There are 2 protein chains.
Amino acid sequence: MEKETTIYDIARLLNLSPATVSRALNDHPAINSNTKQLISNKALEMGYRSNTFASNLRRQQTKTIGVIVPRLDSSFMSTVLSGMEKVANEANYNLIISQSLESSRKEMANAKTMFNSRVDGLLVSLAADTDNLEHFSTFFRKGIPMILFDRVMPQKNCTNIVIDNLKAGYEATAHLLGQGCRRIMHVTGSVKRNVYADRLKGYKMALLEHGLPVEDELIRLTDFTRQDGLDVADEIARMPSPPDGLFVASDLCAASCMGGLRKNGFSIPKDIAVVGFNDDPIAQLVEPNLTTIHYPGQEMGEIAAQSLINHLNGLLRISTTNTILLNYELIVRESSRRV
Amino acid sequence: MEKETTIYDIARLLNLSPATVSRALNDHPAINSNTKQLISNKALEMGYRSNTFASNLRRQQTKTIGVIVPRLDSSFMSTVLSGMEKVANEANYNLIISQSLESSRKEMANAKTMFNSRVDGLLVSLAADTDNLEHFSTFFRKGIPMILFDRVMPQKNCTNIVIDNLKAGYEATAHLLGQGCRRIMHVTGSVKRNVYADRLKGYKMALLEHGLPVEDELIRLTDFTRQDGLDVADEIARMPSPPDGLFVASDLCAASCMGGLRKNGFSIPKDIAVVGFNDDPIAQLVEPNLTTIHYPGQEMGEIAAQSLINHLNGLLRISTTNTILLNYELIVRESSRRV
DNA sequence: CTGAAAGCGCTTACAG
DNA sequence: CTGAAAGCGCTTACAG
C-alpha cells in the first residue's frame with residue numbers, strides 16, 4: 001500500500017509553501033495562474049487526492065446530506081433518490097440514506113444518527129405515524145437546514161416540496177365522475193400525512209361540487225399493502241350497492257385491488273372504473289392499464305437536493321413561507337376509460 | 001449556534017487528560033471503570049458528540065462503504081440496498097451510493113469518485129456492458145477490498161455473492177417442461193453478465209436433458225424494457241409455430257410480455273405458460289399471477305455489507321476462491337400451472 | 001491505570 | 001502574489 005501524497009509533498013518538490021499549494025488547488029483568486037498550472041500538473045502527476053477529512057475538520061463542515069425516507073423499496077422513492085444522488089454527486093456532496101420503515105420511533109433514531117454524523121443538511125419524507133417534528137429540534141437549534149419532501153409538515157424555516165395533492169385528488173375524482181361514475185370509493189392511507197389527507201379532501205371536494213354525498217362507507221383508511229387491496233375488493237363484492245368508481249391513492253394497492261375485483265367477477269372499467277396514484281411502472285403492466293396521477297419523483301429528488309445545496313452555499317435562503325409545488329399529470333389509461 | 005463540546009472540555013471539567021477521555025469514550029480496557037463511568041456521564045450531560053472527521057483523519061480510515069449499482073429504481077435493488085443500509089448502520093458505517101445506469105463509462109466515473117472519497121471498501125454490481133475490472137485496479141493496488149454481488153465477474157481477492165443462476169434457470173425451464181411445454185422460448189439480457197449467461201445455460205441444459213433441441217429462434221437478447229416485452233409478444237404472435245412456454249429472466253419484462261400476448265389473443269397459461277425471475281411485487285399483481293424465481297435481495301444486501309465489514313475488521317479474509325451462494329426458490333403461480 | 005506530546009492533512013487570518 | 005504559523009479534534013506510541 002503506497003503512501004498518499006499530500007500538499008506537503010507537492011510543496012516540497014515545487015519549492016513552494018503548503019499554503020500556496022492549498023490555495024492553488026482550491027482555485028483561490030490571489031494565486032498566480034502560472035503557479036496554479038504548475039501545481040495542478042504536479043498534483044495530477046503525483047496522483048494526489050485531497051483528504052476530505054482534514055479539509056472538513058478544518059472547515060467545520062461535512063459535505064454530507066442526510067436523507068430519511070419511509071422506505072427504500074418503493075418505486076417512487078427509488079426515482080426520488082436517483083434524482084438526489086445525481087444532484088448531490090455533481091455538487092460534491094455525499095448522501096447518507098436511511099429508512100424509517102414508516103415508524104416514528106425509527107425516524108427518531110435515524111435523526112439522531114444523522115445528527116451524530118454531523119450532516120450539513122437534511123432531506124426528509126415523514127413516516128406514517130409521525131405526529132410532530134420534535135425529534136428534529138436539535139437540528140433547528142443548531143441551524144442545520146432541513147427540507148421536507150412529499151410527506152411534509154408545516155415548519156418554520158423549512159422548505160416543503162410537494163405536488164398539489166388536493167388538486168390531484170380532485171382531478172382524479174372528477175375524471176371518474178366525467179366517465180359517468182356516481183358512487184366512488186376512495187382508498188387512502190394515514191391521514192396524518194398531508195399527501196393522503198389532501199387527496200381525500202380533493203376527493204370530497206369533487207363529490208360535493210357534483211352534488212354527490214360524501215359517505216363514510218366509501219372511504220377506507222389502509223396501509224396500502226397487497227392484502228389491503230384484496231380486502232377492499234372483497235368488501236366491495238359484499239356491498240349491496242357497490243361503487244362504480246374507485247380512487248386508490250397508491251398504484252400498487254390499486255393493482256392488487258383490481259386483481260381482487262376481477263376474482264369477484266367485476267369487469268374493469270365497465271362495472272367499476274379505477275384510478276391509482278404515482279404512475280409506478282406497475283400501472284402499465286396490469287390489465288387493463290391503470291389510470292393514475294404521474295408523480296415527478298426524479299424531479300422532486302433533484303429539486304430537494306438542489307434547494308438544500310443552494311441554501312448551504314448561501315445562494316437561496318429557506319424562508320418561512322417557502323413551499324415548492326411541482327407539476328403532476330393525470331394519465332388516463334384503460335382502467336377508467338368508459339366513454 | 002452553540003459551540004460543540006470536545007474531549008478537551010470534558011477533560012478540563014473532570015481534571016483529567018484528553019487522552020484519558022478519548023480512551024474512556026472508546027472503551028479502552030486500560031481505563032478504570034469508575035473513570036469511564038464518570039467520563040461517559042459527563043459526556044452525556046454536555047451533549048458531546050464525537051467528531052468523526054478528526055477521528056478518521058487520525059485513524060486513517062473513513063468508515064464509509066461505496067456502493068455502485070446498475071440502477072437505483074428497481075424493486076430488486078431497493079431491497080438489496082435496504083439490507084445493506086441496515087447492516088452498515090448497525091456497524092457505524094456510512095454508505096455512499098451511486099448508479100452506473102447500465103453504462104460502463106459511468107461505472108468508471110463512479111469508481112473514481114469513490115476512490116477520491118476514500119471509501120474503506122466497495123460493493124459493486126456490474127453494468128450491462130462492463131467487460132473487465134480495469135477501472136477498479138486503483139482499489140486493488142491500494143488493497144481496498146471489493147465485493148461483487150449479483151452481477152459478478154471472477155476476480156482475485158474479490159468475493160462474489162450470487163445465487164446459482166444456472167440451476168435456477170434450469171429449474172425454471174424444467175418446471176415448464178413438467179407442465180407439458182415442448183417449445184420453450186427464453187428472453188434474456190446481456191450475456192456479458194453472469195446472471196443472464198448462467199440462466200441461459202440452465203435453460204439449454206434442461207432442454208437437452210429432455211431431448212429437446214436448442215433453437216436460436218427461441219432465444220431473445222433484450223434490455224428487458226417494457227417495449228422489449230411487447231415486441232417479443234408480437235414476434236411470438238407472428239411465428240408459424242409459436243412457443244407453448246416462455247421463460248423471461250426478468251419479472252417486469254415478463255409482465256409486459258404477458259400483456260402483449262393477451263392482446264394478441266393468447267391465453268395464459270393454456271396457450272403459453274410463463275415463468276419470470278426475481279419475484280418482484282409485480283409478480284403477484286399481474287393476472288394471472290406470475291410464476292418466478294424468488295431472489296433474496298434483502299439478504300444479499302445484508303450479507304454483502306456484513307462480509308465487507310467483517311473483512312475490514314479483520315474477522316474474515318476475502319480470499320481468492322470466496323464465492324457465497326444464496327438460496328433461491330421457484331415459486332409456482334397461475335401463469336404456468338397447467339396440470 | 002493515566003498523561004504529555006506528536007501528528008493526521010488541511011485551511012486561513014495575518015503579515016509582508 | 002506568497003509564506004509562517006496556528007489550529008480543527010481526535011488517537012496512540014511511549015513513558016511512568
Side-chain angles (χ1 to χ4, degrees), chain A residues 1-40 42-43 46-64 92 94 115-120 142 313, chain B residues 1-40 42-43 46-64 92 115-118 120 142 313:
Chain A
M1 178 153 163
E2 58 212 82
K3 203 193 151 297
E4 292 285 343
T5 29
T6 68
I7 52 171
Y8 287 90
D9 301 326
I10 300 175
R12 201 179 327 111
L13 264 68
L14 255 29
N15 269 116
L16 287 165
S17 74
T20 303
V21 174
S22 171
R23 290 200 186 92
L25 259 14
N26 288 306
D27 207 17
H28 188 107
I31 303 293
N32 182 301
S33 61
N34 291 326
T35 318
K36 271 187 196 167
Q37 198 51 253
L38 200 69
I39 290 174
S40 83
K42 199 69 183 175
M46 300 178 69
Y48 170 77
R49 48 178 186 169
S50 163
N51 186 319
T52 334
F53 297 97
S55 170
N56 287 347
L57 174 60
R58 185 50 235 261
R59 292 202 222 225
Q60 302 279 62
Q61 59 165 13
T62 66
K63 281 280 189 181
T64 297
N92 280 314
N94 286 141
F115 187 69
N116 287 329
S117 309
R118 305 189 182 213
V119 294
D120 287 341
K142 270 223 185 323
N313 293 336
Chain B
M1 179 152 161
E2 57 211 84
K3 201 191 152 297
E4 292 285 343
T5 30
T6 69
I7 54 171
Y8 287 90
D9 302 325
I10 300 176
R12 200 178 326 110
L13 264 68
L14 256 28
N15 268 117
L16 287 165
S17 74
T20 303
V21 174
S22 170
R23 291 200 186 93
L25 259 14
N26 287 307
D27 207 18
H28 188 108
I31 303 292
N32 183 300
S33 62
N34 291 326
T35 318
K36 272 187 196 167
Q37 198 51 253
L38 200 69
I39 290 174
S40 82
K42 200 69 183 176
M46 299 178 71
Y48 169 78
R49 49 178 186 167
S50 163
N51 186 319
T52 333
F53 297 97
S55 170
N56 286 347
L57 174 60
R58 185 50 235 260
R59 291 202 224 226
Q60 302 279 64
Q61 59 165 14
T62 65
K63 279 281 185 180
T64 297
N92 280 314
F115 187 69
N116 287 330
S117 308
R118 304 188 184 215
D120 287 341
K142 270 223 184 324
N313 293 335

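Every chain is numbered from 1, with letters handed out A, B, ... down the list of sequences. On a predicted model such as this, the values are computed, not experimentally measured, just so you know.
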**OP:** With heavy atoms under 4.0 Å as the rule, sort B/Thr52 into base, sugar-phosphate or nothing.
**Re:** nothing
Original post:
Which is true for B/Tyr8 with a 4.0 Å heavy-atom rule: it touches a base, it touches only sugar-phosphate, or it touches nothing?
Top reply: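 The answer is base, as B/Tyr8 lies within the cut-off (heavy atoms under 4.0 Å) of a base atom.
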Using atom [atom1] of [X] as one end and atom [atom2] of [N] as the other, report the distance to the nearest whole Å.
X	N	atom1	atom2	answer
B/Asn51	C/dC10	CG	P	17 Å
B/Arg59	D/dC8	CZ	P	20 Å
B/Gln37	C/dC1	CD	P	15 Å
A/Asn56	C/dC10	CG	P	12 Å
A/Leu38	D/dC1	CG	P	15 Å
A/Gln61	C/dC10	CD	P	15 Å
B/Phe53	D/dG9	CZ	P	13 Å
A/Arg118	D/dC8	CZ	C1'	11 Å

With a 3.5 Å distance limit and no angle check, can you tell me whether [X] reaches the backbone of [Y] through a side-chain donor-acceptor pair?
X	Y	answer
A/Asn26	A/His28	no
A/Arg118	B/Arg49	yes
B/Asp9	B/Thr6	yes
A/Asn56	B/Phe53	no

With side chains defined as the heavy atoms from C-beta onward, is the minimum distance between [X] and [Y] less than 4.5 Å?
X	Y	answer
A/Val21	A/Tyr8	no
A/Leu38	A/Asn34	no
B/Lys142	B/Phe115	yes

**OP:** Would you jot down, in residue-number order, the residues of residues 12-24 of chain A having a non-hydrogen atom under 4.0 Å from DNA chain C?
**Re:** A/Ala19, A/Ser22, A/Arg23
Subject >> Close approaches to DNA chain C from residues 25-34 of chain A, in residue order (heavy atom, under 4.0 Å) >> reply: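 A/Asn26 - these, ordered by number, are the residues of the stretch whose heavy atoms sit under 4.0 Å from the strand.
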Original post:
Between A/Thr64 and A/Asn94, does a side-chain hydrogen bond (donor to acceptor under 3.5 Å, both in side chains) hold up when you go through it step by step?
Top reply: CA-CA 5 Å; A/Thr64 297; A/Asn94 286 141; 5.0 Å; no
**OP:** With DNA chain C as reference, determine whether B/Thr35 or B/Gln60 sits nearer its 5' end, using the nearest nucleotide of each.
**Re:** B/Thr35
Original post:
How does DNA chain C look in dot-bracket form if you count Watson-Crick and G-U pairs under 3.5 Å, write [ ] for pairs that cross, and put | where a base pairs with another strand?
Top reply: |||.||||||||.|||
Original post:
For the atom pair CD1 (B/Ile10) and NZ (B/Lys42), what is the distance rounded to the nearest 0.5 Å?
Top reply: 9.5 Å
Subject >> Nearest-0.5 Å distance, CG of residue A/Asp120 to OG1 of residue A/Thr62 >> reply: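 Separation between the atoms: 3.5 Å.
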Original post:
On a whole-Å scale, what distance lies between the C1' atoms belonging to C/dG16 and C/dT12?
Top reply: 16 Å
**OP:** Return yes if a side-chain donor-acceptor contact under 3.5 Å exists between B/Ser17 and B/Thr20, otherwise no.
**Re:**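 A pair is found: one side chain offers a donor N or O, the other an acceptor, under 3.5 Å apart.
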Subject >> Note: A/Asp27-A/Lys36 ion pair, threshold 4.0 Å (strictly below) >> reply: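 Judged by the 4.0 Å cut-off on N to carboxylate O distance, A/Asp27 and A/Lys36 do form a salt bridge.
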